[in-house]
Number of protein chains: 2
Amino acid sequence: MTKARTHVLEAITQAKEPVSARQLCEKFQSDYDPATVYRALHYLEEKGRLDSFILHCAEHGTERYYVLHSEEHRHWFHCERCHRFTDLGLCRFDDLVAQMSLEKGLAITSHTFYATGICPECRRKM
Amino acid sequence: MTKARTHVLEAITQAKEPVSARQLCEKFQSDYDPATVYRALHYLEEKGRLDSFILHCAEHGTERYYVLHSEEHRHWFHCERCHRFTDLGLCRFDDLVAQMSLEKGLAITSHTFYATGICPECRRKM
DNA sequence: TATAATTTGCAAGTGACTTGCAAATTATAA
DNA sequence: TTATAATTTGCAAGTCACTTGCAAATTATA
Ligand SMILES: [Mn+2]
Ligand SMILES: [Mn+2]
Ligand SMILES: [Zn+2]
Ligand SMILES: [Zn+2]
């Protein structure tokens, strides 16, 4: 593990919620080139240390977000006001997904789910 | 409705599955400029005639897909082999989403779900 | 320590849109 | 119908989130 990769992994570990590549590039802009940050993310995901997903939000556009890898598949809520994530816990869609798969004869290998809206903190401030 | 907008809407109507902006640009490349196609899509979605979502597939990257607007919210399966969509029917996640929302005190205003894998036709050809 | 393999920074390239602007269409008024 | 105003279009350039080529800098192995 090089310094850049170690620092990127540490930042994601500390965040405890999905972090976008752009956020990491900003955080490390005085230390590492964006290309290095992107390459570190690819390396860490390839090595199984990170998971990622793509999310679109009106304000920030379409970006890939990274979390520490976990064996258990989780889903997230994204607040459109403060842009923080709330952990929705382990996936509860397996039965429904299996059912859909069966109904249509599909070999479903993965699914993407996320919810958006306003988090409790932001709602209080409205 | 201008000619361009009418043609874009017709193409999506005939497709009966989500169509990407890129596919439409290709289809109309001899008739309309990509900027016109994109503007027609924005116009039609703004007027409530179309719905759209963003999906990432390894082969085609991240693109926005368009379907005719429907009051009932549906979800789709995307085949990673032939890149066609299968309708998974009306959303069955409302109860689970309401439960998550309640548990965390979130005001969930929308959710995104899609499944990927191999469709029956492609599986047969393997 | 010499040498080979890997990683990094920088600059340029990509792909999916988005935007400024002037010309072409279309709509409304006279 | 014709003058005038509003909207839409094509084209070129711009933006944004990455991605890639390449030579210099690090790091690993002999
Ligand atoms: Mn956001
Ligand atoms: Mn695809
Ligand atoms: Zn919030
Ligand atoms: Zn298929």
Side-chain angles (χ1 to χ4, degrees), chain A residues 1-12 15 18-67 78 80 83 85 112 114 116, chain B residues 1-12 15 18-67 78 80 83 85 112 114 116:
Chain A
M1 287 276 286
T2 67
K3 235 170 62 170
R5 290 166 180 174
T6 305
H7 285 158
V8 167
L9 186 56
E10 276 173 10
I12 295 168
V19 189
S20 69
R22 194 179 49 79
Q23 289 174 301
L24 292 163
C25 287
E26 273 169 25
K27 182 183 177 77
F28 292 119
Q29 65 187 341
S30 52
D31 308 299
Y32 305 111
D33 190 86
T36 302
V37 173
Y38 280 105
R39 286 192 276 228
L41 291 168
H42 294 161
Y43 172 88
L44 292 165
E45 188 166 25
E46 157 81 28
K47 296 293 175 191
R49 308 291 303 269
L50 296 179
D51 294 333
S52 77
F53 59 90
I54 282 176
L55 179 142
H56 178 89
C57 119
E59 212 163 314
H60 293 126
T62 305
E63 295 177 290
R64 190 173 285 274
Y65 289 79
Y66 292 85
V67 241
H78 183 71
E80 286 165 342
H83 305 281
F85 285 87
T112 297
Y114 58 81
T116 59
Chain B
M1 287 276 287
T2 66
K3 236 172 61 171
R5 290 167 180 174
T6 305
H7 286 157
V8 166
L9 186 57
E10 276 173 9
I12 294 168
V19 190
S20 69
R22 194 179 47 79
Q23 288 175 302
L24 292 163
C25 287
E26 274 170 24
K27 182 182 178 78
F28 291 119
Q29 65 186 342
S30 52
D31 307 300
Y32 305 112
D33 190 86
T36 302
V37 174
Y38 281 105
R39 287 193 275 227
L41 290 168
H42 294 161
Y43 173 89
L44 292 165
E45 188 165 25
E46 157 81 27
K47 296 293 174 187
R49 307 291 302 269
L50 297 179
D51 294 333
S52 78
F53 59 90
I54 283 176
L55 178 142
H56 179 90
C57 121
E59 212 162 314
H60 293 126
T62 305
E63 295 177 290
R64 190 173 285 274
Y65 289 78
Y66 292 85
V67 242
H78 183 72
E80 285 165 342
H83 306 280
F85 285 86
T112 297
Y114 58 81
T116 58

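Predicted, not measured: the structure shown is a model, and the values here were computed from it. Numbered from 1 within each chain, the chains take letters A, B, ... in sequence-line order.
B:Arg64 has no side-chain polar atom (N or O) that falls below the 4.0 Å cut-off from OP1 or OP2 of C:dC17.
Taking atom CD1 of residue A:Ile54 and atom C1' of nucleotide D:dC18, one finds them 10 Å apart after rounding to whole Å. As a whole-Å value, the separation of B:Asp31 CG from D:dC11 P is 12 Å. In this structure, the CG atom of B:Leu41 is 9 Å from the P atom of C:dC17, given to the nearest Å. Atoms CD (A:Glu26) and P (D:dC18) sit 12 Å apart, rounded to a whole Å. The CE-P distance, from B:Met1 to C:dT26, rounds to 14 Å in whole Å. Spacing between atom CD of A:Glu59 and atom P of D:dT15 amounts to 20 Å, rounded to whole angstrom units. C:dA24 atom P lies 17 Å from atom OH of B:Tyr32, rounded to whole Å. Taking atom OH on A:Tyr38 and atom P on D:dG21, their separation rounds to 18 Å, with Å as the unit.
When the nearest nucleotides of DNA chain C are assigned to B:His60 and B:Arg39 by heavy-atom distance, the more 5′-ward of the two goes with B:His60. For the pair B:Arg22 and B:Lys3, both in contact range of DNA chain C, the more 5′-proximal nearest nucleotide belongs to B:Arg22.
Here D:dC11 is the nucleotide among D:dC11, C:dC10, C:dC17 with the atom lying nearest to any side-chain atom of B:Asp33. Proximity note for B:Thr2 (side chain, C-beta onward) versus D:dC11, C:dT7, D:dT9: the nearest is D:dT9. Closest contact between the side chain of A:Ala35 and the listed nucleotides C:dC17, C:dC10, D:dT8 involves C:dC10.
Using N1 to N3 plus N6-O4 or O6-N4 for Watson-Crick, or N1-O2 and O6-N3 for G-U wobble, each under 3.5 Å, D:dG21 pairs with C:dC10. Across all strands shown, C:dT26 is found opposite D:dA5 as a Watson-Crick or G-U wobble partner, with both distances under 3.5 Å. The partner of D:dA30 is C:dT1, judged by Watson-Crick or G-U wobble contacts that both fall below 3.5 Å.
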Residues B:Glu45, B:Leu41; criterion side chain to side chain contact (heavy atoms under 4.5 Å, CB included); working and verdict: CA-CA 6 Å; B:Glu45 188 165 25; B:Leu41 290 168; over 6 Å; no
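Under the 3.5 Å distance criterion, with hydrogens and angles disregarded, no donor-acceptor pair is assigned to the side chains of B:Thr116 and B:His78.
Inter-residue side-chain proximity for A:Gln23 and A:Lys27 is flagged as unmet; no heavy-atom pair is nearer than 4.5 Å.
Take A:Arg49 and apply the side chain to side chain contact (heavy atoms under 4.5 Å, CB included) test, not counting sequence neighbours, and it matches A:Leu9, A:Leu44, A:Lys47.
When each of A:Glu63, A:Arg64, A:His83 is tested with A:Ser20 by the rule side-chain contact (heavy atoms from CB on, under 4.5 Å), just one qualifies, namely A:Glu63.
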